[in-house]
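Numbers restart at 1 for each chain; the letters A, B, ... are given by sequence-line order, proteins then strands.
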Amino acid sequence: MLDIKYIREHLETVKTRLERRGQGTADALDGLLIPEEERRRCLSESEMLKNKKKKLSAEVGRLKQQGQEATREMEEVKTINATIKELDDKSAACEDQILQTLLGIPNLPDDSIPDGADESANQEVRLWGQKPELSFAPKTHVEIGEKLGLLDFKRAAKIAGSRFAVYKGVGAELLRGLINFMIDVQTRENGYQELYPPFLVNKESMQGTGQLPKFEEELFKMRDDPYYLIPTAEVPVTNFHRDEVLKEESLPICYTAYTPCFRREAGSYGKDTAGLIRQHQFDKVELVKFVRPEQSDTELESLVQNAESILQKLGLHYRVVVLCAGDMGFSAAKTYDLEVWLPSQNTYREISSCSNFTDYQARRAKIRYKKGDSKPEFVHTLNGSGLAAGRLFVAVLENFQQKDGTVRVPEALRPYLHGQEVIGKAH
RNA sequence: GGAGAGGUGGCCGAGCGGUUGAAGGCGCACGCUUGGAAAGCGUGUGUAGGCUAAUCCCCUACCGAGGGUUCGAAUCCCUCCCUCUCCGCCA
């Protein structure tokens, strides 16, 4: 959420910056200032009356204690109360209108990111490793996975529906191995503390990180209970500190969490229908940071590197791109995507998205820190995938596939598979 | 799910219709004291909003949340949420 005060004082700047996300993004701002003026007018008028009321009531008390008549004072308060109620109702209505508008306005893009309307304007920042040289036509992860008995999409469709998968045997083991490997690297080497949060959260949490109210159709919602399935661990982990004032010396706070993620994928009909790329349920190890505002730029860089370290240890070729203003998510100010090379698709596919949300989520979720003796300030929040396990599974199968149809297990992963060096050999 | 107890400031804990943002204690900060420290003494110590050049004043709100009664509510009434104990159920 943007700061109404800042908008009031820097309207043109805010407009210009928002418009970078796309024409019309800033239109909502126009409906903001009039109710804001009205709200403040009603508020100060009401407060003046409340002050008068307080004094009169005290006077009534004093008079009654002395056994004197106070009817005139009591009548006057009654009259004042009616006006106060009117003013308070009006300012509450304005406030709600302002809040609803603000919740629908995205974060300001960072000045450092490129202009552009869609992913074609994203810029490659760096490239790591190189494409594997395969002496044969690469198979897709679906072909490999089904042939080696690692994946079963048919039965998944039977028990749940489309966009679900069953990992089985060594496939299940590989998935678990990848998850554990990622958590271990993030906790033991990159300094994150592990959290294992609820996968169902309330609407306050969804609003805190920006999924609600605008993106409800992308979420799975319980019918009989007020819960939503999390679309990413970002939600429970960022909201871990909702409505809190953190100690300055505790920052930066870095958490990592493994959770399954649930997404309706409404509006993506026909897109990535085959395989593990786009599922209603997938697994992810997430990285979340709470930092001092002046540190968030550098903390984003290190968070990206922490995510990259997984790909590097596995020896997977990838590139880092910075998203342009038009392609970036609603709450983010700056986003880097990690895209891993997929031989079967002959392209790079997103496997991680790392963002600096500046104070946007912090203001929604009221996450602050106390700076010395001065007033609490909003922290900056960041998060990124470290990484998406399903897509990493895809990348491992496809990049390490061998001519004989087996898959080589990258060395870093072998301890997680009981030392197994090749998948599919026995078959 | 049933029965009961409870939610007050950083923490503990009073208050149970009137001048209480809230006694007292602990903690913390600063000062005095001291060779130094402890003890002791003194002062201060919440958040949000409005006003403002201002994190100074001043004003308003906040005692789990939301309503209500009243001239006046932390205190009375209603609804909801959360925590704890016991019972039931259960991985």
Side-chain angles (χ1 to χ4, degrees), chain A residues 1-10 32-103 196-208 212 222 224-228 236 239-251 253 260 292-294 359 362-379:
Chain A
M1 190 161 70
L2 302 180
D3 183 7
I4 181 73
K5 240 179 186 170
Y6 185 83
I7 294 174
R8 221 162 67 200
E9 287 157 14
H10 305 87
L32 219 43
L33 262 31
I34 291 168
E36 169 65 3
E37 281 311 307
E38 179 75 353
R39 181 187 72 88
R40 286 190 298 157
R41 192 185 60 76
C42 293
L43 202 61
S44 25
E45 225 173 289
S46 160
E47 286 182 357
M48 268 165 55
L49 289 174
K50 279 177 184 161
N51 181 240
K52 195 171 172 189
K53 163 185 171 171
K54 249 180 138 172
K55 287 178 175 154
L56 280 168
S57 289
E59 184 62 21
V60 171
R62 218 172 290 128
L63 287 170
K64 286 209 163 174
Q65 253 162 18
Q66 293 167 11
Q68 292 182 17
E69 192 59 32
T71 322
R72 194 183 59 80
E73 283 78 6
M74 282 161 66
E75 285 306 314
E76 194 170 350
V77 174
K78 271 190 179 172
T79 320
I80 291 176
N81 275 342
T83 317
I84 289 176
K85 176 100 170 61
E86 222 170 89
L87 289 165
D88 284 355
D89 285 351
K90 208 184 268 181
S91 74
C94 290
E95 200 176 326
D96 188 61
Q97 188 189 339
I98 292 161
L99 179 67
Q100 291 314 316
T101 308
L102 282 175
L103 288 175
Y196 185 90
F199 304 155
L200 294 173
V201 299
N202 55 33
K203 70 171 189 310
E204 287 77 11
S205 294
M206 286 298 185
Q207 185 172 299
L212 289 180
M222 298 298 117
D224 294 328
D225 295 286
Y227 301 127
Y228 295 85
N239 280 281
F240 188 63
H241 290 301
R242 173 152 53 82
D243 295 320
E244 289 185 19
V245 179
L246 305 168
K247 290 200 174 73
E248 184 178 26
E249 58 273 22
S250 70
L251 303 177
I253 295 173
R292 286 199 289 253
E294 62 272 20
D359 61 358
R363 183 170 291 106
R364 281 179 167 242
K366 296 196 182 61
I367 306 167
R368 295 172 295 170
Y369 77 106
K370 182 116 172 160
K371 202 177 174 182
D373 287 334
S374 56
K375 297 177 75 168
E377 271 182 44
F378 291 113
V379 299

Closest to the [X] side chain, choosing from [options]:
X: A/K375; options: B/G50, B/G49, B/C71; result: B/G49
X: A/E47; options: B/U19, B/C59, B/U55; result: B/C59
X: A/K50; options: B/A61, B/U55, B/C71; result: B/A61
X: A/S44; options: B/G18, B/U47, B/G50; result: B/G50
X: A/K85; options: B/G68, B/G50, B/C71; result: B/G68
X: A/Q65; options: B/C71, B/U19, B/G50; result: B/U19
X: A/N81; options: B/G72, B/C51, B/C59; result: B/G72
X: A/R40; options: B/C71, B/G50, B/U55; result: B/G50
X: A/R368; options: B/U55, B/U47, B/G18; result: B/U47
X: A/K64; options: B/U47, B/G50, B/G18; result: B/G18

So, is [X] close to the [N] phosphate, meaning a side-chain N or O under 4.0 Å from OP1 or OP2?
X: A/K370; N: B/U47; result: yes
X: A/K54; N: B/A61; result: yes
X: A/R39; N: B/G50; result: yes
X: A/N51; N: B/U60; result: yes
X: A/R72; N: B/C71; result: no

Less than 4.0 Å between a side-chain N and a carboxylate O, is that true for [Y] and [X]?
X: A/E47; Y: A/K50; value: no
X: A/E59; Y: A/R62; value: yes
X: A/E204; Y: A/R242; value: no

- prompt: Hey, does A/E86 have a side-chain heavy atom less than 4.5 Å from the side chain of A/E45?
  reply: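 Heavy-atom side-chain distance check fails, nothing below 4.5 Å.
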
Nearest whole Å is fine: how far is [N] [atom2] from [X] [atom1]?
X: A/E9; N: B/G50; atom1: CD; atom2: C1'; value: 14 Å
X: A/L56; N: B/U19; atom1: CG; atom2: P; value: 16 Å
X: A/K55; N: B/G18; atom1: NZ; atom2: C1'; value: 17 Å
X: A/E73; N: B/U70; atom1: CD; atom2: C1'; value: 16 Å
X: A/E36; N: B/G49; atom1: CD; atom2: P; value: 11 Å
X: A/K5; N: B/U52; atom1: NZ; atom2: C1'; value: 10 Å
X: A/K247; N: B/G46; atom1: NZ; atom2: P; value: 16 Å
X: A/L246; N: B/G10; atom1: CG; atom2: P; value: 14 Å

Distance between [atom1] atoms of [N] and [M] (Å, rounded):
N: B/G9; M: B/U47; atom1: C1'; value: 10 Å
N: B/C57; M: B/C12; atom1: P; value: 29 Å
N: B/U33; M: B/G42; atom1: C1'; value: 11 Å
N: B/U85; M: B/A74; atom1: P; value: 32 Å
N: B/C32; M: B/A22; atom1: P; value: 29 Å
N: B/G88; M: B/C76; atom1: C1'; value: 35 Å
N: B/U70; M: B/G15; atom1: P; value: 28 Å
N: B/G50; M: B/C56; atom1: P; value: 14 Å

RNA chain B: 5'-proximal contact among A/K52 and A/V245 (nearest heavy atom):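 The 5'-side residue here is A/V245.
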
query: Taking for each residue the nucleotide of RNA chain B with the nearest heavy atom, is it A/P376 or A/K78 whose nucleotide lies nearer the 5' end?
result: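 Per heavy-atom nearest nucleotide, the more 5' residue is A/P376.
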
Complementary nucleotide of [N], counting Watson-Crick and G-U pairs under 3.5 Å:
N: B/A37; value: none
N: B/G18; value: B/C71
N: B/C58; value: B/G50
N: B/G88; value: none
N: B/C30; value: B/G42
N: B/A23; value: none
N: B/G9; value: none

- request: Spell out, as yes or no, whether a donor-acceptor pair under 3.5 Å connects the side chain of A/D3 to the backbone of A/K5.
  value: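 Checked: pair present.
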
Side-chain donor/acceptor of A/R363 to backbone N/O of A/M1, under 3.5 Å: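 Yes, because the side chain of A/R363 sits within donor-acceptor range (under 3.5 Å) of the backbone of A/M1.
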
query: Rounded to the nearest 0.5 Å, how far apart are CD1 of A/I367 and CG of A/D359?
result: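 Between A/I367 CD1 and A/D359 CG, I get 11.0 Å after rounding to 0.5 Å.
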
query: In terms of heavy-atom contacts, does CD of A/Q100 have more than 12 from other residues, nucleotides or ligands at under 6.0 Å?
result: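 Correct, the count exceeds 12.
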
- prompt: Is the count of non-hydrogen atoms from other residues, nucleotides or ligands lying under 6.0 Å from A/I34 atom CD1 greater than 12?
  reply: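 Not more than 12 within 6.0 Å, no.
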
query: Base, sugar-phosphate, or nothing: which does A/V60 touch, judged by heavy atoms less than 4.0 Å apart?
result: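 Base contact.
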
